[in-house]
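One structure below.
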Amino acid sequence: MRLSQSFGKTLREAPAEAEMASHQLLIRANYIRPAGAGVYTFMPLGYRVIRKIWGIMAEEMDAISGQEMWMPNLHPAALWQATGRWGQMDVLFKLKGSGNREYALSATHEEIVVDLALRDIESHRDLPRMIYHISKKFRDEPRPRGGLIRLREFIMKDAYTLDRSEEALDEYYPSMLQAYFNIFDRCGVKTTAINADVGAMGGKTSQEFTVPHPQGEDVFIDCDNCDYAANVEAAEFVREGEKPATLAELIKVETPDCKTIADVAAFVGVATTQTLKCVFYWWRPSYVEKPGEGRLVFAMTRGDLAINDTKLVNALGGGFLRAATEDEIKAIDAVPGYASAIGMTPARDMASPGVMIVADESINFGGNYVVGANEDPYHYTGANLGRDFEVSRIADIAQADTGHKCPVCGGRIEAKRAIEVGHCFKLGTRYSAAVNATYLDENGQPQLIYMGSYGIGLDRLMAVVVELHHDKDGIVWPDSVAPYQVHLVHIGKEGDGTKEQAEALYADLTAAGVEVLYDDRDGVGAGVKFKDADLMGIPWRVTVSARSLEQGGVEVKRRSESERRILPIEEYPILLNPALLNS
RNA sequence: CGGGGCGUAGCUCAGCUUGGCAGAGCGCUCGGUUUGGGACCGAGAGGCCGCCGGUUCGAGUCCGGCCGCCCCGACCA
């Protein structure tokens with residue numbers, strides 16, 4: 001490609017709204033252009049990177065028996081209604097065609113795949129199968145961010161497995177995880193696979209591939225001593241603390257202006273571990289709230305810990321939570337800021353009357369707590385579970401955080417931010433059951449198909465590659481995903497013979513199949529060309545100039561290194577295989 | 001959806017406090033010089049100052065509403 005003919009140009013300054021390095025550099029270096037919030041055009045260079053990543057993914061998927069196909073992005077509403085997600089997935093873009101036909105834009109493709117399975121999988125002989133495709137996803141994200149990190153329209157590789165049984169799925173699953181590691185390794189991205197909550201995707205297990213990054217939107221827990229790692233939504237930790245040897249007397253004390261745990265602990269003179277924190281939620285079974293549906297949930301944990309909403313939902317067996325309103329809290333005679341379970345009748349389960357009180361395990365690792373008196377402005381001291389109040393159930397609902405004890409080795413864990421680049425789900429029969437997608441087993445009996453789904457965001461991965469591979473001057477692409485291998489730079493003036501040499505080299509390299517970006521621009525200073533080359537980040541820079549020719553050849557420089565060397569012209573065929581230059 | 005910030009030339013930004021001719025640098029066009037790290041001289045083009053309404057003799061500037069974009073949070077299938 002001749003730079004003199006390329007569409008678009010590099011920018012000296014990044015648009016003001018770009019904050020992340022990848023966002024700034026990809027725009028400045030002419031890889032992407034914004035069309036709106038979370039919507040980008042891939043310029044010629046950017047599209048070449050996407051195609052490189054695409055190729056790596058296709059190779060790795062094919063290597064584990066994947067079959068590449070191409071699924072639609074316009075989804076008839078009926079498919080989404082069949083799985084129950086039409087009314088549940090809030091980020092689903094919906095649109096109407098003529099005659100009131102309704103469609104969804106592809107937010108994901110489980111619906112398409114399970115419909116295919118329904119039609120085309122008939123016998124156990126048709127299983128197992130692994131299919132995948134790379135195409136656009138559309139999600140009405142409330143807040144796109146970070147350039148290509150979080151988009152409303154993005155490119156995803158998603159693979160789907162169809163198996164006879166859970167065991168068959170379990171057996172295949174590790175090869176998918178390995179393929180994922182291979183893909184990320186080949187792209188120059190070191191990932192950590194962590195156990196994550198499955199969320200509303202359904203299913204039972206999921207592994208999230210993350211890259212630690214300060215501007216990531218995921219928080220995960222990492223042990224500094226062993227390899228335990230998990231998303232905070234699923235991370236376990238060891239509660240520390242002791243029950244008191246003797247129970248103190250329950251005493252009501254006046255605590256003016258003490259609305260927070262820290263206030264109360266300081267006022268009464270105890271550690272926050274000797275307090276109980278109470279948070280009120282409104283639980284409902286479906287995403288869309290319906291009048292008269294749902295109930296209040298009273299969540300409690302030791303005062304030094306925070307409640308994790310996802311863990312709480314899981315402890316309740318599913319559903320959705322929002323913060324309870326003041327009226328809903330008052331309806332059970334609790335006083336916000338001074339609430340406790342004292343005097344309340346806990347519900348036995350979600351269907352029973354009383355107050356649904358869920359306490360974190362941590363309350364068993366302490367006692368003689370300071371708790372609210374359900375009266376403004378009073379607290380009790382010396383409160384103890386069993387003697388002074390009861391709960392509906394005790395579960396793991398507190399969020400793991402930095403400094404907590406590792407559940408595996410007993411070391412200390414740390415909360416870190418990360419960017420999620422891939423996710424593998426064992427879906428089980430969540431979707432096949434919804435549409436009754438079955439196969440006939442050896443005995444002629446219909447059995448539900450076991451599914452798995454496995455996604456990687458290509459554009460997000462591209463951004464992460466840049467986050468990990470750049471310096472002050474620009475991008476430094478790994479060879480594997482670089483849009484071109486050689487950035488050929490011509491410097492010289494009319495009639496000094498340099499142009500002819502550069503043109504000849506360009507022709508030879510191109511004819512030999514080397515991917516060359518050729519800066520043939522006339523009247524552009526050497527400084528500009530070098531700055532652009534650094535910005536664009538192509539692995540090898542080859543300069544043809546009067547100076548290099550005087551020194552006997554062309555100058556070769558690796559983007560990632562500062563060393564430049566002269567390669568004699570007669571040895572130029574070595575450039576036909578740039579990998580040789582590494583030796 | 002809550003909090004904060006921003007919207008003026010392709011990009012970065014001044015001008016708004018205190019209403020009075022629409023500005024700079026970079027980029028772009030033309031001519032010339034230059035040619036190893038974002039060069040120089042000269043001449044140009046380029047604007048619904050986000051949109052709508054209000055106040056005013058007069059609004060980029062003041063007031064109200066809306067839209068868009070960015071950041072934090074919520075959400076994140």
Side-chain angles (χ1 to χ4, degrees), chain A residues 8-20 23-24 27-28 30 33-39 80 83-86 88-92 104 106-111 137-147 149-152 154 156 158 196-203 206 208 215-219 231 233 287 309-310 320-323 417 419-420 423 425 427 430-431 453 455 457 460 472-474 489-496 498-499 519 521-535 541 543-551 554-555 557 562 564:
Chain A
K9 56 169 65 84
T10 58
L11 305 177
R12 188 185 290 233
E13 289 170 290
E17 64 268 16
E19 288 214 341
M20 288 183 74
H23 192 193
Q24 294 183 353
I27 289 176
R28 280 190 58 206
N30 194 27
R33 289 288 181 257
V39 183
W80 285 79
T83 62
R85 291 207 292 182
W86 177 260
Q88 275 195 16
M89 197 182 224
D90 58 325
V91 296
L92 194 63
S106 52
T108 172
H109 284 80
E110 279 82 12
E111 275 69 12
K137 293 282 190 284
F138 301 87
R139 292 182 192 173
D140 192 7
E141 294 290 350
R143 181 152 95 83
R145 73 181 98 181
I149 294 296
R150 189 173 186 74
L151 297 159
R152 292 215 170 101
F154 57 102
M156 183 178 252
D158 42 325
D197 182 77
V198 292
M201 279 294 287
S206 88
E208 200 174 0
Q215 289 168 90
E217 51 191 354
D218 251 35
V219 178
N231 192 292
E233 294 173 348
Y287 184 81
D309 296 3
T310 305
F320 298 85
L321 292 175
R322 64 164 168 76
R417 282 199 163 253
I419 298 171
E420 176 188 346
H423 209 147
F425 293 92
L427 297 175
R430 157 72 180 84
Y431 295 92
S453 83
R460 179 180 287 185
K472 66 175 175 47
D473 295 314
V489 177
H490 165 249
I491 298 167
K493 39 187 161 188
E494 199 94 14
D496 65 359
T498 52
K499 191 68 179 264
D519 194 345
R521 292 174 297 177
D522 292 323
V524 174
V528 173
K529 290 189 174 187
F530 289 142
K531 287 286 185 191
D532 272 348
D534 288 345
L535 185 58
R541 190 181 80 192
T543 307
V544 179
S545 68
R547 181 188 292 188
S548 77
L549 292 176
E550 275 165 26
Q551 292 173 15
V554 297
E555 179 191 274
K557 179 183 175 297
S562 56
R564 309 164 181 190

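Proteins come first, then strands; the chains are lettered A, B, ... in the order of their sequence lines, and each starts at number 1.
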With respect to the phosphate group of B:rU35, does any side-chain polar atom (N or O) of A:Lys493 fall under 4.0 Å of OP1 or OP2? yes
Residue matched to B:rC1 through Watson-Crick or wobble contacts both under 3.5 angstrom: B:rG73
Within the structure, does a side-chain N or O atom of A:Arg12 lie under 4.0 Å from either OP1 or OP2 of B:rG27? yes
Counting Watson-Crick and G-U wobble pairs only, both distances under 3.5 Å, name the nucleotide matched with B:rC40, or none. B:rG32
Separation of B:rG73 atom P from A:Gln215 atom CD, nearest Å, is 11 Å
For a quick check under 3.5 Å, do A:Ser206 and A:His423 share a side-chain donor-acceptor pair by atom type? yes
Atom NZ of A:Lys531 and atom C1' of B:rA39 are separated, to the nearest Å, by 14 Å
Counting only Watson-Crick or G-U wobble pairs whose two distances fall under 3.5 Å, which nucleotide matches B:rG27? none
Using a heavy-atom cut-off of 4.0 Å across all strands, would you classify A:Ala107 as base, sugar-phosphate, or nothing? nothing
Both A:Glu13 and A:Arg521 contact RNA chain B. Which one's nearest nucleotide lies toward the 5' end? A:Glu13
Check the phosphate of B:rC1 against A:Arg143, side-chain N and O only, distance under 4.0 Å to OP1 or OP2. Yes or no? no
Between A:Arg28 and A:Glu13, does any side-chain N to carboxylate O distance fall below 4.0 Å? no
The single option from A:Arg541, A:Lys9, A:Arg521 that satisfies salt bridge (Lys or Arg N to Asp or Glu O under 4.0 Å) with A:Asp532 is A:Arg521
Between B:rG37 atom P and A:His490 atom NE2, what is the distance in whole Å? 16 Å
Return the nucleotide paired to B:rC6: Watson-Crick means purine N1 to pyrimidine N3 with N6-O4 or O6-N4, wobble means G-U with N1-O2 and O6-N3, both under 3.5 Å. B:rG68
